[in-house]
Amino acid sequence: MSDNILFSEYPDVVTVDDLQKMLKIGRNSAYDILKSGLIKTIKVGKRYIIPKQSVINFLATAK
């Protein structure tokens with residue numbers, strides 16, 4: 001799958017809610033993935049800034 005097509009309906013920076021929809025997972029699972037560092041993020045205060053490319057990279061390298 002091309003990176004240009006995967007998640008094309010989402011902006012370049014996504015929210016935790018977007019991440020849940022993208023991966024079809026619950027809120028707790030989304031935060032667990034973010035806290036583990038499996039998806040590269042920037043944390044500003046209590047908020048996560050998630051580059052869409054980080055989500056794509058996570059899926060490409062998932063075992």
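Under the 4.5 Å side-chain heavy-atom criterion for grouping Ile, Leu, Val, Met, Phe, Trp and Tyr, Val13 is not connected to Leu34 through any hydrophobic cluster. Linking Ile, Leu, Val, Met, Phe, Trp and Tyr residues whenever their side-chain heavy atoms come within less than 4.5 Å leaves Ile39 and Ile49 in two separate clusters.
Taking OH of Tyr31 as the start and CD1 of Ile25 as the end, the distance is 11.0 Å to the nearest 0.5 Å. Asp32 CG to Leu38 CG: the interatomic distance, rounded to the nearest 0.5 Å, is 10.0 Å. Summarising the geometry, atom OH belonging to Tyr10 is positioned 11.5 Å from atom CD1 belonging to Ile56; distances are rounded to the nearest 0.5 Å. Between the NZ atom of Lys21 and the CZ atom of Phe7 there is a distance of 13.0 Å, given to the nearest 0.5 Å.
Closest approach of Tyr48 to Lys35, counting heavy atoms only: OH-CG, 3.4 Å. Closest approach of Val16 and Ile50 over heavy atoms only: N-CD1, 4.0 Å.
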Step-by-step side-chain contact (heavy atoms from CB on, under 4.5 Å) determination, Ile33 to Phe58: CA-CA 10 Å; Ile33 289 171; Phe58 167 72; 4.3 Å; yes
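Applying the side-chain hydrogen bond (donor to acceptor under 3.5 Å, both in side chains) rule to Ser29 yields no partners; only residues at least two apart in sequence or on another chain are considered. Shown here are the salt bridge (Lys or Arg N to Asp or Glu O under 4.0 Å) partners of Arg27, two or more places apart in sequence or in another chain: Asp17.
Counting only residues at least two apart or on different chains, no salt bridge (charged side-chain N to carboxylate O under 4.0 Å, His left out) pair has a member in residues 38-47.
Using modelled atom types, one side-chain atom of Asp18 and one backbone atom of Thr15 make a donor-acceptor pair closer than 3.5 Å.
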